[in-house]
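Take a look at the structure below.
All residue numbers refer to positions in the sequence shown, counting from 1.
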Amino acid sequence: MKHRISILTLIKDRKLFFGSLMLLLTTGVLSGWIVGNNYTVCSSPLHHSFWLNVFFINYTFMGDAFFAVCLAAFFIFYLKRKKTGYALLFAFLFTEAAVQVAKNLLNMYDAGIFVEAGQTIVNHGLQESRAYYHFPSGHTAIAFALATVFLFILKNKAWQLPILCAATLLAYSRIYLAQHSFPDVLTGTVLGTLAGVFSFYLVFGPANSFSKFRNISRICYNKNRRESLQPLSGV
């Protein structure tokens with residue numbers, strides 16, 4: 001993939017994804033406006049099929065922070081595709097930062113780190129005491145952030161709808177498992193998509209800011225290393 005890429009061109013080339021996403025978001029907002037508060041009620045998995053419960057409980061893990069970090073590490077250290085790995089890592093970090101800011105702004109009297117039920121392997125009940133501060137959905141945001149990066153990375157445009165369907169299905173899993181309401185999921189979708197676009201632009205964009213930063217860091221490191229290896233005067 002070329003280092004200098006126009007992000008606007010990429011978005012235009014992937015208009016099927018973004019056009020469909022806009023249609024989904026618009027439909028969701030209109031549905032909420034028409035139906036009212038009824039559409040915000042989460043369903044209960046207790047009344048659902050056992051196998052559907054098993055599927056969604058495992059599928060929703062792909063919006064987990066642990067999964068996102070492991071995926072980025074897999075690309076960086078195993079596949080040696082460092083730029084892709086860094087784009088995935090930045091997408092997660094920007095998304096998580098945005099989610100934490102949003103949750104804390106809505107909970108100004110009890111600030112802290114918010115961990116959704118089922119998010120990360122270690123969850124010491126941080127979210128149980130703040131169960132009513134679910135907005136927005138962190139799983140959904142992470143899923144769409146990772147999906148957006150993959151959307152740009154994959155050259156085959158036929159993957160646009162499958163990627164959108166995969167991320168949308170994960171968003172639905174949060175409602176299915178009674179962890180989030182529809183507005184939580186919609187907001188998470190927007191935050192994650194924006195974080196994914198920004199992360200890809202940071203690593204692969206025309207400004208090539210990430211490569212410049214790495215080059216400057218490497219130059220400074222080599223300079224300091226040469227200076228440290230020089231013999232001291234008078235010795």
Worksheet item: Is Phe144 close to Leu21 at the side-chain level, that is, under 4.5 Å between some pair of heavy atoms?
Response: yes
Discussion item. For a side-chain contact (heavy atoms from CB on, under 4.5 Å) check, start with the C-alpha distance between Ser137 and Thr187, then their side-chain angles and the critical distance, and finish with the verdict.
Written reply: CA-CA 7 Å; Ser137 170; Thr187 308; over 6 Å; no
Fill in: Side chains of Thr168 and Thr189 in contact at under 4.5 Å (non-hydrogen atoms)
no
Discussion item. Applying side-chain contact (heavy atoms from CB on, under 4.5 Å) to Thr84 and Leu79, what does each step give before you reach the verdict?
Written reply: CA-CA 10 Å; Thr84 300; Leu79 297 182; over 6 Å; no
Fill in: Phe18 side chain reached by Val197 side chain, heavy atoms, under 4.5 Å
yes
Discussion item. Parallel, tilted or perpendicular: which one describes the rings of Tyr172 and Phe56, with boundaries at 30° and 60°?
Written reply: perpendicular
Worksheet entry | Nearest heavy-atom neighbours spanning Thr60 and Ser173 | OG1-OG, 3.1 Å
Fill in: From CZ (Arg174) to CG (Asp184), nearest 0.5 Å
10.0 Å
Item to complete: Measure the CG-OH distance between Leu93 and Tyr86 for me, rounded to the nearest 0.5 Å.
Response: 12.0 Å
Discussion item. I need the minimum non-hydrogen distance between Ala167 and Ala147, along with the two atoms involved.
Written reply: CB-CB, 4.0 Å
Discussion item. Working note: Leu71 + Phe92, criterion side-chain contact (heavy atoms from CB on, under 4.5 Å); need CA distance, chi angles, decisive distance, verdict.
Written reply: CA-CA 10 Å; Leu71 182 64; Phe92 160 70; over 6 Å; no
Worksheet item: When you look at Phe75 and Phe150, which way does the ring pair (Phe, Tyr, Trp, His ring centres under 6.0 Å) test go after all the steps?
Response: CA-CA 12 Å; Phe75 273 88; Phe150 278 117; 5.8 Å; yes
Worksheet, complete the sentence: By side-chain contact (heavy atoms from CB on, under 4.5 Å), Phe198 pairs with (sequence neighbours left out) Phe94
Worksheet item: Hey, mind stepping through Leu154 and Ile163 against side-chain contact (heavy atoms from CB on, under 4.5 Å) and telling me if it holds?
Response: CA-CA 10 Å; Leu154 295 175; Ile163 289 176; 3.9 Å; yes
Fill in: Leu191 side, atom CG; Ile142 side, atom CD1 - distance, nearest 0.5 Å
11.5 Å
Discussion item. With rounding to the nearest 0.5 angstrom, report the CG to OG1 distance, Leu186 to Thr27.
Written reply: 10.0 Å
Worksheet item: So, do His139 and Leu170 sit near enough that their side-chain heavy atoms are less than 4.5 Å apart?
Response: yes
Discussion item. Counting C-beta onward and ignoring hydrogens, is there a side-chain heavy-atom pair between Phe182 and Ile175 closer than 4.5 Å?
Written reply: yes
Worksheet item: Nearest heavy-atom pair of Lys155 and Arg14: which atoms, and what distance?
Response: CA-NH2, 4.3 Å
Item to complete: Provide the closest heavy-atom pair for Thr95 versus Ala145 in the form atom of the first, atom of the second, distance.
Response: OG1-CB, 3.2 Å
Worksheet item: Which heavy-atom pair separates Ala171 from Val185 by the least distance, and what is that distance?
Response: CB-CG1, 3.3 Å
Discussion item. Quick check on the hydrophobic clustering: are Ile11 and Leu23 connected, directly or via other members, by side-chain heavy-atom contacts under 4.5 Å?
Written reply: no
Worksheet item: Roughly how far apart are Cys165 SG and Phe17 CZ, rounded to 0.5 Å?
Response: 10.0 Å
Item to complete: Supply the atom-to-atom distance Lys157 NZ to Lys15 NZ, rounded to the nearest 0.5 angstrom.
Response: 8.5 Å
Discussion item. Between Phe200 and Ile153, is there a side-chain heavy-atom distance shorter than 4.5 Å?
Written reply: yes
Worksheet, complete the sentence: In short, Gln160 meets Leu151 closest at the heavy-atom pair CG-CD1, 3.8 Å
